[in-house]
Amino acid sequence: MNTCHHDKQMDFFYNQSKSQTEDDWTGTKLILLFCFGACCCLFIFISNMLVIAAVVKNKRFHYPFYYLLANLAAADFFSGIAYVYLMFHTGPVSKTLTVHKWFLRQGLLDTSMSASLANLLVIAVERHMSVVRMRLHSNLTKRRVTCLILLIWGVAIFMGAVPTLGWNCICNITTCSSLAPIYSRSYLTFWTVSNLAVFLIMVVVYLRIYMYVQYKTNMLSPHTTGSISRRRTPIKLMKTVMTVLGAFVVCWTPGLVVLLLDGLNCTSCSLQQVKRWFLLLALMNSLMNPIIYSYKDDEMWRTFKSMMCCFAYKGRRRSSRFPSTVHSTRSNDTTSYYLEDLANQLPPEKVP
């Protein structure tokens, strides 16, 4: 009969799994790490709050896509909270934690990651709904968008709480992983494989949508007299979404692969030496998204400047920044009908 160890501190599980807790991270090294993490988290908080405030303030962003984008910024903001909690409960402190505090530490990280992933998946669905109707924005109501956002956070919280609910190794320490000493290897394998599978699905879906939008735009262009900017608006919006997705995949995939190897009990992979760096890479994702929004969308950038009162920086725009993807404050934007009318003038085509 297996013995449960709910009353043990984490040093018991670290010793059983022979995990490192960065006991050498003291003095100057620890101070530098803390300062770097604090600066990153401060930027995450400020920049993602700006994104949320911009969507609320600017009526040109009152569409389902931008509401979901604001929710993605909220997930990044939550990631900042998770990293702050991690900074104060890592290194030598890890061994002094109780089982419940360690579950909270890891649960916050898992929840933030799941929220971002689920949000990108919902954005993929919203983009697909828009593209197949040749509209810039979908016709989802605010009530449905609110329900989707609540569903995203419900799924994320559940995924973050699964180990706490019982899928752990507290009662069977022989199945404990090395990087997460009270997570069972079977759970790590399931969690990483499912996330990597969703990554692959989303990449395929977004590439499919992008190819379809580009095909339709090129097909309709010879029949239009509108400006090039308006004709290429759907492609620019898709480029923004795909850049966000690409950054997410690049930042999170290495860490997930390391966790997968740990779940498969790879004892010769030297996982302890790279785990901290891949965690920092995942942190970078929450830093990158607000930069991507402002770099790709001129309207978002102007809203940022307006809120920060940085009127002194009204110099020449960077040539690489794209024009705004929104052209009207009305609920039925002109670009949407512009594309719809053109689509109705042509015979239906098969998707390439």
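Basis for what follows: all heavy atoms, side chains included, without hydrogens, waters or symmetry-related copies.
Judged purely by atom type and a 3.5 angstrom limit, His89 has no side-chain atom pairing as donor or acceptor with the backbone of Ser94. When atom types are taken as modelled, the side chain of Ser177 and the backbone of Tyr183 share a donor-acceptor pair closer than 3.5 angstrom. Checked by atom type and distance alone, the side chain of Thr96 pairs as donor or acceptor with a backbone atom of Val93 at under 3.5 Å. For Thr253 (side chain) and Val250 (main-chain N/O), no donor-acceptor pair under 3.5 Å exists by modelled atom type. A donor-acceptor pair is defined here as one N or O able to donate and one able to accept, closer than 3.5 Å; such a pair exists between the side chain of Asn168 and the backbone of Pro163. The main-chain N or O of Leu179 is found under 3.5 Å from a side-chain atom of Asp262 such that the two form a donor-acceptor pair.
Looking only at side-chain heavy atoms (C-beta outward), Ile44 and Leu283 come within less than 4.5 Å of each other. Annotation: side chain of Asn195 is not in contact with side chain of Trp252 (no heavy-atom distance under 4.5 Å). Here the side chains of Leu109 and Tyr85 are not in contact, with every heavy-atom distance at 4.5 Å or above. Contact annotation: the side chain of Phe190 never approaches that of Val162 to less than 4.5 Å [non-hydrogen atoms, C-beta and beyond]. Residues Ile149 and Val145 have side chains in contact (heavy-atom distance under 4.5 Å, counting atoms from C-beta outward). Residues Cys169 and Arg185 form no side-chain contact, since every pair of their non-hydrogen atoms from C-beta on lies 4.5 Å or further apart. Residues Phe278 and Val257 fail the side-chain proximity criterion, which asks for heavy atoms closer than 4.5 Å. Two residues are said to be in side-chain contact when any heavy atoms from C-beta on lie closer than 4.5 Å; Lys95 and Asn15 meet this criterion.
When all heavy atoms are compared, the tightest approach of Met159 to Trp191 is CE-CD1, 3.7 Å. Heavy atoms only, all atoms of each residue included: Ala75 and Ser116 are closest at CB-OG, 3.6 Å. Counting all heavy atoms, side chain and backbone alike, Cys41 lies closest to Met87 at SG-CE, 4.3 Å. Heavy atoms only, all atoms of each residue included: Val205 and Ala124 are closest at CG1-CB, 4.3 Å. Between Asn48 and Pro290, the shortest heavy-atom distance links the atoms OD1-CG, 3.5 Å. Looking at every heavy atom in both residues, Ile182 comes nearest to Cys176 through CA-SG, 4.5 Å.
Between the CD1 atom of Ile152 and the CG atom of Leu68 there is a distance of 6.0 Å, given to the nearest 0.5 Å. Atom CD of Gln9 is separated from atom CG of Leu97 by 8.5 Å, given to the nearest 0.5 angstrom. One finds the CH2 atom of Trp153 at 8.0 Å from the CG atom of Asn119 (value rounded to the nearest 0.5 Å). Here Leu165 contributes atom CG and Phe103 contributes atom CZ; the two are 9.5 Å apart, rounded to the nearest 0.5 Å. For the atom pair CG of Leu245 and CG of Leu120, the computed distance is 6.0 Å after rounding to the nearest 0.5 Å. Put simply, CG on Leu104 and CG on Leu86 are 11.0 Å apart, with the number rounded to the nearest 0.5 Å.
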| query | Yes or no on side chain to side chain contact (heavy atoms under 4.5 Å, CB included) for Leu117 and Met202, after CA distance, side-chain angles and deciding distance? | reply | CA-CA 10 Å; Leu117 185 60; Met202 285 199 301; 3.3 Å; yes
| said: Met242 vs Leu207, test: side chain to side chain contact (heavy atoms under 4.5 Å, CB included). Steps then yes/no. | reply: CA-CA 8 Å; Met242 291 183 67; Leu207 286 174; 3.4 Å; yes
| Which is it for Phe61 and Thr303 under the side chain to side chain contact (heavy atoms under 4.5 Å, CB included) test, yes or no, and what are the steps along the way? | CA-CA 10 Å; Phe61 296 145; Thr303 306; 3.9 Å; yes
| CA sep, side-chain torsions, deciding dist, call: Val84, Phe45, side chain to side chain contact (heavy atoms under 4.5 Å, CB included) | CA-CA 11 Å; Val84 168; Phe45 291 143; 3.9 Å; yes
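Ring centroids of Trp102 and Tyr14 are separated by 6.0 Å or more, keeping the two rings apart.
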